[in-house]
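See below for the structure under consideration.
Numbers restart at 1 for each chain; the letters A, B, ... are given by sequence-line order, proteins then strands. In what follows, every heavy atom counts, from backbone to side chain, and hydrogens, waters and symmetry copies are set aside.
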Amino acid sequence: MQKLIMLKKTDEFSSVFSFKKRFSSPFFVVHYKPNQAQHVQVGFVVAKKVAKLAVDRNYMRRVLREFCRHELSATLCVDVIIQVQKKFENKDYSLVNQELVTIFNKIQNKLSASSGQ
RNA sequence: AAAGCUAGCUGGACAGUCGCUGCCUAACUUGUUGGGGAGAGGAAAGUCCGGGCUGCAUAGAGUAGGAUGACGGCUAACAGCCGUACGCCGUGAGGCGAGGAAUAGGGCCACAGAGACGAGUAAACCGAAAGGUGGACGUGAAACGCGGUAACCUCCAUCUGCAGCAAGACCAAAUAGGCCAGUAAGCUAUGAAAGUAGCAAGGCGUGGCUCGCGUCACUGGCGGGUAGGUUGCUUGAGCGCAUAAGUAAUUGUGCGCCUAGAUGAAUGACUGUUACGUGUAGUAGUGCACGACAGAACCCGGCUUAUCGGCUAGCUUUUUAU
């Protein structure tokens with residue numbers, strides 16, 4: 001299993017944002033940008049506006065990390081930023097998981113379509 | 001038994017699957033794998049006080065500014081804690097209290113009252129009048145009196161440099177820029193080669209030409225320093241037990257223990273069994289939900305704020321029984 005690579009620099013974040021491709025759902029906005037590296041790179045944005053307490057923000061980050069580690073295939077060469085729009089808790093877990101799965105399927109389809117052209 | 005007061009403890013348990021961050025250890029392909037072990041709190045929070053630590057500043061003294069304010073003690077220090085006294089609240093166990101000086105000085109004193117910190121109303125008296133003397137009754141917490149207020153300034157006593165781990169220290173790529181030194185190549189002779197000798201000495205500008213100067217290029221070196229990395233970074237005013245001194249806070253002695261160290265930031269997610277509590281359905285067995293406040297960021301001592309409950313100890317009041 002490949003180790004999850006995180007986006008860190010402000011430059012990396014803003015380059016993904018300025019690519020202006022995204023999918024949204026009730027809980028998330030997912031920005032993405034194909035990259036040259038042979039693996040997925042992810043970044044999370046959990047604003048203080050979404051959840052005031054540090055505990056809640058940490059929980060959401062951990063759940064997102066968990067999802068990326070399990071579900072993202074290593075062959076997907078793309079930079080992704082998951083931005084949380086709405087606070088979610090433990091009871092929302094299955095719903096959150098579903099949303100992320102559908103979003104990443106969309107991204108996969110889009111990418112394979114564009115590479116096929 | 002009920003209702004309370006104070007102090008302390010606790011912050012469900014076990015197992016499985018998939019992971020994360022340090023540490024120890026073994027192997028080799030030197031960053032991977034295997035094994036072992038560790039990994040949030042009583043408030044980690046607010047950043048309100050006080051220290052340690054680090055850098056800068058600093059002869060000494062004073063002023064300004066800031067903080068504190070019964071008395072005595074504890075402490076590294078404090079606005080903390082302990083004891084005593086005083087005031088208020090409570091039947092009581094107990095709780096609360098920024099509490100020195102008003103004869104150093106300034107300011108302020110609502111409503112009522114003529115007048116509120118300096119003034120003057122009525123009667124009466126003086127006077128031709130203007131006005132003056134006079135100070136009752138009443139109001140009010142207080143009416144010239146060693147009045148109140150210092151939680152208004154102030155005075156007195158004591159303390160007080162400034163900044164903070166993004167402190168500070170070290171290593172240091174690329175690019176640009178700084179300083180210093182230098183000019184490659186080539187040709188000829190000799191020699192087996194190494195080498196030696198001689199010629200020649202980068203481009204552009206200045207100039208008739210040479211030297212020189214400037215600039216560019218290249219080579220080498222030096223120093224600053226960015227990204228990044230290492231360190232600071234967890235063994236400490238440390239924790240537990242026993243014992244001695246002390247009313248106590250606390251301190252001494254002995255023995256034992258090692259208990260997170262991340263850095264765009266690990267400590268997680270899911271599942272099962274089970275304990276406890278609450279709600280709900282039911283006659284019941286039982287079923288179904290829900291699980292307080294909240295996440296380390298250099299480290300300690302406090303304070304304040306948030307918090308579903310549970311347990312332990314001491315004490316108080318009321319009722320009942322003996």
Side-chain angles (χ1 to χ4, degrees):
Chain A
M1 178 102 205
Q2 206 169 357
K3 210 170 159 182
L4 203 62
I5 295 171
M6 305 293 290
L7 293 172
K8 292 180 181 178
K9 302 270 185 249
T10 315
D11 294 350
E12 295 172 337
F13 269 80
S14 50
S15 81
V16 175
F17 281 128
S18 60
F19 192 67
K20 288 185 178 169
K21 298 281 184 188
R22 62 166 188 258
F23 289 102
S24 39
S25 69
F27 282 113
F28 308 102
V29 175
V30 180
H31 301 257
Y32 69 95
K33 179 192 179 189
N35 65 7
Q36 308 304 317
Q38 294 304 304
H39 44 72
V40 182
Q41 297 184 117
V42 291
F44 306 123
V45 176
V46 184
K48 225 173 194 176
K49 196 172 160 187
V50 174
K52 237 173 85 180
L53 292 179
V55 180
D56 298 336
R57 291 199 299 276
N58 284 344
Y59 171 79
M60 288 190 269
R61 258 198 296 271
R62 281 164 183 162
V63 169
L64 291 179
R65 244 159 48 94
E66 195 71 9
F67 170 84
C68 291
R69 200 171 48 74
H70 278 294
E71 303 298 331
L72 293 192
S73 62
T75 54
L76 200 65
C77 299
V78 69
D79 288 348
V80 171
I81 294 177
I82 303 177
Q83 190 170 6
V84 177
Q85 291 288 96
K86 210 170 78 180
K87 183 179 168 184
F88 60 89
E89 294 169 11
N90 192 268
K91 61 186 174 189
D92 305 319
Y93 183 79
S94 59
L95 194 63
V96 165
N97 231 349
Q98 268 179 19
E99 274 191 14
L100 286 171
V101 166
T102 55
I103 285 177
F104 277 97
N105 282 339
K106 281 183 192 174
I107 290 178
Q108 185 114 39
N109 290 340
K110 197 93 172 184
L111 285 179
S112 56
S114 65
S115 65
Q117 281 173 3

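- With a glycosidic angle no further than 90° from 0, B:U259 counts as syn.
- Distance noted for atom C1' between B:U304 and B:C48: 7 Å (whole Å).
- Taking the syn range as angles within 90° of 0, the glycosidic angle of B:C146 is syn.
- B:G42 adopts a syn glycosidic conformation, its chi angle falling within 90° of 0.
- For the C1' atoms, the distance from B:G105 to B:U149 is 16 Å, rounded to whole Å.
- Here the nucleotide nearest the side chain of A:Asn58, chosen from B:G295, B:C270, B:C20, is B:G295.
- B:A248 and B:G80 are spaced 16 Å apart, taking the C1' atom of each and rounding to whole Å.
- Closest non-hydrogen pair, A:Gln83 versus A:Phe17, comes out as OE1-CE2, 4.1 Å.
- One interatomic measurement links the two molecules: NZ of A:Lys52 to C1' of B:A45, which rounds to 12 Å at whole-angstrom precision.
- Distances were taken from every side-chain heavy atom of A:Leu53 (C-beta onward) to each of B:A294, B:U267, B:A269; the shortest belongs to B:A294.
- To the nearest whole angstrom, the two P atoms, one in B:A150 and one in B:A116, are 23 Å apart.
- Closest to the A:Phe13 side chain, of the nucleotides B:G264, B:A265, B:G295, is B:G264.
- Annotated as syn: B:U234, whose glycosidic dihedral is within 90° of 0.
- Using a 90° window around 0 for the glycosidic torsion, B:G22 falls inside it and is classed as syn.
- Between the P atom of B:G268 and the OH atom of A:Tyr59 lies a distance of 12 Å, rounded to the nearest Å.
- Separating the CE atom of A:Met60 from the P atom of B:G264 is a distance of 20 Å, rounded to the nearest angstrom.
- Under a 3.5 Å cut-off, the side chain of A:Arg57 and the backbone N or O of A:Lys48 do not form any donor-acceptor pair.
- Within a 6.0 Å radius of CZ in A:Arg61, more than 12 heavy atoms belonging to other residues, nucleotides or ligands are found.
- On a pure distance criterion of 3.5 Å, a polar donor-acceptor pair joins the side chain of A:Glu66 and the base of B:G268.
- Pairing each heavy atom of A:Phe27 with each of A:Lys87, the nearest pair is CE2-O, 3.6 Å.
- Where A:Ala54 and A:Arg61 each meet RNA chain B at their nearest nucleotide, the meeting point lying more 5' is that of A:Arg61.
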